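All residue numbers refer to positions in the sequence shown, counting from 1. Counting convention: from 1, in listed order, for ligands and their atoms alike. These numbers come from the heavy atoms of this one structure, side chains and all, not from hydrogens, waters or symmetry mates. Since this is a predicted model, take the numbers as computed values, not measurements.
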Amino acid sequence: MEDKLLIKIAMEAREKAYTPYSKFKVGAAVYTKSGKIFTGCNIESASYTPTICAERVAISKCISEGYYDIEKIAIIGSEKDISHPCGVCRQFMVEFGKDMKVICAKNIDTYKVYTLAELLPNSFGPESLI
Ligand code: THU
């Protein structure tokens with residue numbers, strides 16, 4: 001799966017974002033090593049705290065369908081700038097692999113690719129509890 005195609009899929013997912021409060025729409029698309037794609041968008045709540053980010057929706061759909069082998073995730077928010085995942089999402093992601101590729105996009109042509117370890121160095125993850 002090309003990074004650009006995964007960004008395009010994330011852009012399509014962004015159209016579903018439910019953002020009556022911030023109006024800031026985010027889309028995410030996960031690609032697994034086994035070739036599956038899962039998408040997500042942010043979903044806001046009138047009581048604010050339950051709001052969930054696009055990344056965690058996509059990853060939750062992936063994990064809850066039994067796919068734990070995440071290879072990469074593409075994220076796209078406002079096209080004014082490249083969108084990087086929030087701290088909570090970085091921590092949520094690290095559960096499923098520090099070597100995960102994180103594609104942070106502004107549009108289909110402008111994006112940066114990181115490993116999760118670069119975005120969350122010295123992380124507390126599953127191996128920390130052994
Ligand atoms: N948001 C995401 O979906 N992903 C992030 O990584 C950062 C923030 C959402 C949450 C909220 O609905 C809106 O963007 C503004 O914070």
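- For Thr51, no nitrogen or oxygen atom sits less than 3.5 Å from a nitrogen or oxygen atom of ligand 1, counting backbone and side chain alike.
- Side-chain contact between Cys53 and Cys89: present, with at least one pair of heavy atoms (C-beta onward) separated by less than 4.5 Å.
- At the shortest separation from atom 12 (O) of ligand 1 among protein heavy atoms lies Glu44 OE2, 2.5 Å.
- Aromatic pair Phe96/Tyr68: centroids not less than 6.0 angstrom apart.
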Inset, instruction - Take Glu79 and Arg14 through the salt bridge (charged side-chain N to carboxylate O under 4.0 Å, His left out) test and state the conclusion after the steps. - result: CA-CA 11 Å; Glu79 297 198 15; Arg14 185 179 58 185; 2.6 Å; yes
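- For ligand 1, the polar-atom distance check against Ala54 finds a nitrogen or oxygen pair separated by under 3.5 Å.
- Near Glu55, with a cut-off below 4.0 Å to any heavy atom, the atoms of ligand 1 are 2 (C), 3 (O), 4 (N), 5 (C), 6 (O).
- Of all the atoms in ligand 1, the ones that sit under 4.0 Å from a non-hydrogen atom of Cys53 are 1 (N), 2 (C), 3 (O), 4 (N), 5 (C), 8 (C).
- By the 3.5 Å distance cut-off applied to N or O atoms, Ile52 is not counted among the residues near ligand 1.
- Considering only heavy atoms from C-beta on, Ile103 comes within 4.5 Å of Leu6 through its side chain.
- Residue Cys86 holds the heavy atom nearest to atom 7 (C) of ligand 1 of all those in Cys86, Ala58, Ala28.
- At least one side-chain heavy atom of Ile9 sits less than 4.5 Å from a side-chain heavy atom of Met1.
- In terms of protein heavy-atom proximity, atom 9 (C) of ligand 1 is nearest to Asn42 ND2, 3.4 Å.
- Using a 4.5 Å heavy-atom threshold, the side chains of Lys25 and Cys41 count as separate.
- Atoms of ligand 1 lying under 4.0 Å from at least one heavy atom of Pro85, given by number and element, are 6 (O).
- In terms of protein heavy atoms, atom 15 (C) of ligand 1 is closest to Ser22 OG, 3.8 Å.
- Ile7 and Val102 fall into different hydrophobic clusters, where Ile, Leu, Val, Met, Phe, Trp and Tyr are joined by side-chain heavy atoms under 4.5 Å apart, directly or via other members.
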